[in-house]
Amino acid sequence: MNIQTVETTPIAGQKPGTSGLRKKTAVFMEPHFLENYVQSIFDGIGGVAGKSLVVGGDGRYYNESAIQIILRMAAANGAAKIIVGQNGLLSTPAASHLIRLNGTDGGLILSASHNPGGPNADFGLKYNTPNGGPAPENITDKIYQATTTITAYKIAEAHDVDLTTPGQARIDTMLIEIVDPTADYIALMEELFDFPALKTLFASGFTMAFDAMHAITGPYAHAILEDRLGAPAGTVLNGTPSPDFGGGHPDPNPIWAKQLVDIMMGKNAPDFGAASDGDGDRNMIMGRGIYVTPSDSLALLAAHARCAPAYERGLLGVARSMPTSGAVDRVADKLGIPAFETPTGWKFFGNLLDAGRVTLCGEESAGTGSTHVREKDGLWAVLLWLNILATTRKSVADMMAQHWAEYGRNYYSRHDFEDVDADKAHALFSTLRDKLPSLAGQSFGPLTVSSASEFAYDDPVDGSHSAAQGLIINFDGGARAVFRLSGTGTVGATLRLYLEALQTDPAALHQDPQVALADLIAAAHTIAKIQGFTGRAAPDVIT
Ligand code: G1P
Ligand code: ZN
């Protein structure tokens with residue numbers, strides 16, 4: 001094999017964020033950009049000589065070209081074996097499963113998740129460790145370090161590998177196994193859930209709409225919901241992946257999955273609605289006439305997980321990211337199991353899952369998952385919901401009403417201010433941080449601050465410390481506002497304001513969340529001077 005050693009110099013801005021490196025596609029396609037980062041991953045993990053890796057992506061623009069480069073670089077760096085999805089495709093949870101199933105030395109996942117795709121949109125790459133989960137900070141720090149000192153990368157001179165059919169290929173001695181992206185994942189789902197019960201549910205006339213948003217879950221959803229479980233053809237909408245996700249944002253929330261929302265809120269809505277994102281790890285859950293927030297969904301899944309064979313012996317514990325509502329904590333309390341609060345980002349759940357401290361975990365950003373893989377998993381959440389509905393035979397709306405009556409309702413909303421000038425966003429943030437110690441006791445409208453702090457996390461498993469993970473303002477009565485700056489954006493800064501208030505009065509459980517949270521929203525704006533700093537009186541996206 002002819003190996004080229006290409007001299008290069010560090011490229012600024014290759015610091016992995018909440019979920020790997022995300023940049024504009026055009027930036028990833030600039031000379032040496034991808035190659036520098038891939039070599040830095042290899043160097044940051046101690047080289048790949050003799051190692052095996054899983055490689056796959058969500059099919060967005062540049063996916064396959066990038067994979068061809070990664071294959072040639074892996075060969076040049078001495079990798080023994082690469083397992084790659086047919087046509088370069090793997091959903092993020094399926095990639096996590098393949099890493100675990102085959103015991104590889106980790107994997108490379110090409111995705112910018114729910115961000116739009118295309119030549120003028122976003123691209124991303126992240127390394128997952130041998131447990132199948134996103135690399136923790138001690139590893140991403142090493143990768144970043146390597147990007148700042150790189151002097152050369154290695155790449156094999158070889159033709160593109162034909163990835164169109166499952167089978168084996170080689171670049172010199174490196175074996176490339178091309179696998180059906182759905183097969184092993186479907187087998188795993190079949191182990192976890194009661195497929196016969198789900199078949200019976202669909203056979204009894206239960207109806208569903210699943211919006212794959214022109215993204216990676218299309219083939220998985222067709223195969224599971226329609227082919228295996230017998231849901232009628234047409235249950236899966238937008239089920240053919242496209243490089244630019246049909247020109248949309250593959251983000252399963254009420255704003256971007258409006259087609260599904262219109263169906264579920266319309267006349268003759270199906271019994272159940274769900275959507276997943278670009279790379280298949282997120283989920284949105286709806287019932288006829290009702291949207292279920294991800295925080296509520298996590299709580300409900302925790303309360304009823306025993307309906308599914310995989311969890312029938314109960315849960316070891318639950319975890320949620322700090323900005324996620326405390327609804328699941330209330331369920332854990334009742335079940336008598338521990339509830340953990342971690343920083344934002346799936347990588348923080350890895351240690352808890354590996355150590356057997358938790359079985360279920362989730363984030364307010366539409367991510368839910370369990371011990372079955374080390375990523376959040378969109379279709380898994382949909383199947384767990386289906387398993388619960390197959391057991392209870394209740395509507396989604398009734399399930400939620402019953403849940404709120406039992407546990408109270410954590411009214412919740414996230415307000416995003418997107419593409420804010422980065423300097424202004426940072427000024428808002430540091431001003432607010434400085435103000436935190438003086439806030440307790442101050443009143444804003446009817447609300448009085450009880451405490452305010454910056455969130456930091458000490459990992460109970462490995463003792464690692466993560467500082468500066470968001471600003472929390474708590475109010476008397478249990479309401480809270482949380483401020484964070486996004487770590488996944490590719491332009492300017494995105495300010496996230498998370499709002500939550502617990503309501504236990506049975507007469508007040510069915511309000512519009514924006515109305516129920518109005519005083520809190522006003523207080524948050526006043527305290528942080530959002531308009532003063534950003535010029536924005538209202539958020540761009542409310543979820
Ligand atoms: C966002 C979400 C976070 C999620 C991450 C990766 O990160 O808020 O919960 O883990 O995407 O999917 P953020 O942009 O807020 O840093
Ligand atoms: Zn995603």
Side-chain angles (χ1 to χ4, degrees), residues 15-22 56-60 90-96 109-117 122-126 128 133-137 140 212-213 215-217 220 241 245 249-253 256-257 275-284 293-295 298 319-325 341-350 361-369 373-381 414-420 425 429 455 466 468-471 482-498 540-541 543:
K15 191 174 172 55
T18 314
S19 188
L21 187 64
R22 301 239 177 115
D58 62 11
R60 68 182 59 227
L90 282 177
S91 77
T92 292
S96 179
I109 302 178
L110 299 87
S111 169
S113 188
H114 51 291
N115 293 11
D122 295 349
F123 195 79
L125 175 61
K126 69 173 176 178
N128 279 28
E137 277 177 346
T140 55
M213 304 191 83
I216 190 76
T217 49
Y220 294 83
F245 308 115
H249 274 245
D251 192 354
N253 65 40
W256 297 115
S276 190
D277 73 331
D279 61 331
D281 58 357
R282 295 186 175 204
N283 72 89
M284 178 171 91
T293 68
S295 295
L298 175 63
R320 62 168 171 85
S321 65
M322 179 275 283
T324 304
S325 98
E341 186 182 41
T342 60
T344 297
W346 205 261
K347 59 192 173 199
F348 292 101
F349 294 133
C361 45
E363 295 193 276
E364 53 67 40
S365 53
T368 336
V373 288
R374 291 295 178 275
E375 288 279 4
K376 51 193 178 244
D377 189 344
L379 267 171
W380 166 88
R414 188 177 96 188
H415 290 195
D416 289 338
F417 302 80
E418 292 182 339
D419 197 6
V420 174
F429 213 75
F455 184 61
S466 301
Q469 298 293 330
L471 309 178
V482 171
F483 291 83
R484 267 188 76 246
L485 292 176
S486 159
T488 57
T490 54
V491 269
T494 294
L495 174 69
R496 303 203 196 283
L497 167 59
Y498 309 81
D540 302 282
V541 178
T543 51

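Atoms within a ligand are numbered from 1 in the order they appear, just like the ligands themselves. Worth knowing before you read on, the calculation uses all heavy atoms, side chains too, and leaves out hydrogens, waters and symmetry mates. Since the structure is predicted, the reported quantities are computational estimates derived from the model, not experimental observations. Count residues from 1 along the sequence.
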Short side-chain to backbone donor-acceptor contact, R60 and N115, under 3.5 Å: yes

Under 4.0 Å to a heavy atom of E363 - the qualifying atoms of ligand 1, by number: 3 (C), 4 (C), 9 (O), 10 (O)

Side-chain heavy atoms of I109 within contact of L90, under 4.5 Å: no

Sum of protein N, O or S atoms, each under 2.8 Å from the Zn ion (ligand 2): 4

F348 side, atom CZ; M322 side, atom CE - distance, nearest 0.5 Å: 11.0 Å

R496 with D416: basic N within carboxylate O range, under 4.0 Å: yes

Closest protein heavy atom (residue, atom, distance) for atom 11 (O) of ligand 1: R282 NH2, 3.0 Å

Closest approach of S321 to T344 (non-hydrogen atoms, all atoms of both residues): CB-CA, 4.0 Å

Option with minimal heavy-atom separation from atom 6 (C) of ligand 1, where the choices are K376, R496, R414, R484: K376

Any residue meeting side-chain hydrogen bond (donor to acceptor under 3.5 Å, both in side chains) with T92, in chain and number order, not counting sequence neighbours: D279

Carboxylate-amine/guanidinium proximity below 4.0 Å for K126 and E375: yes

Ligand-side contact atoms (ligand 1) for residue partner T344, heavy atom cut-off under 4.0 Å: 3 (C), 8 (O), 9 (O)

Among R414, R320, R282, the one residue meeting salt bridge (Lys or Arg N to Asp or Glu O under 4.0 Å) with E364: R414

Min heavy-atom dist G345 to ligand 1 below 4.0 Å: yes

Nearest-neighbour protein heavy atom for atom 7 (O) of ligand 1, which is reported as residue plus atom name and distance: T488 CG2, 3.6 Å

Ligand-side contact atoms (ligand 1) for residue partner G487, heavy atom cut-off under 4.0 Å: 13 (P), 14 (O), 16 (O)

Side-chain H-bond candidate by donor/acceptor type, S113 with D277, under 3.5 Å: yes

Donor-acceptor contact present, side-chain R484 to main-chain L471, <3.5 Å: no

N/O separation below 3.5 Å, S486 to ligand 1: yes

Residue portion contacting ligand 1 (non-hydrogen atoms closer than 4.0 Å) for S365: side chain

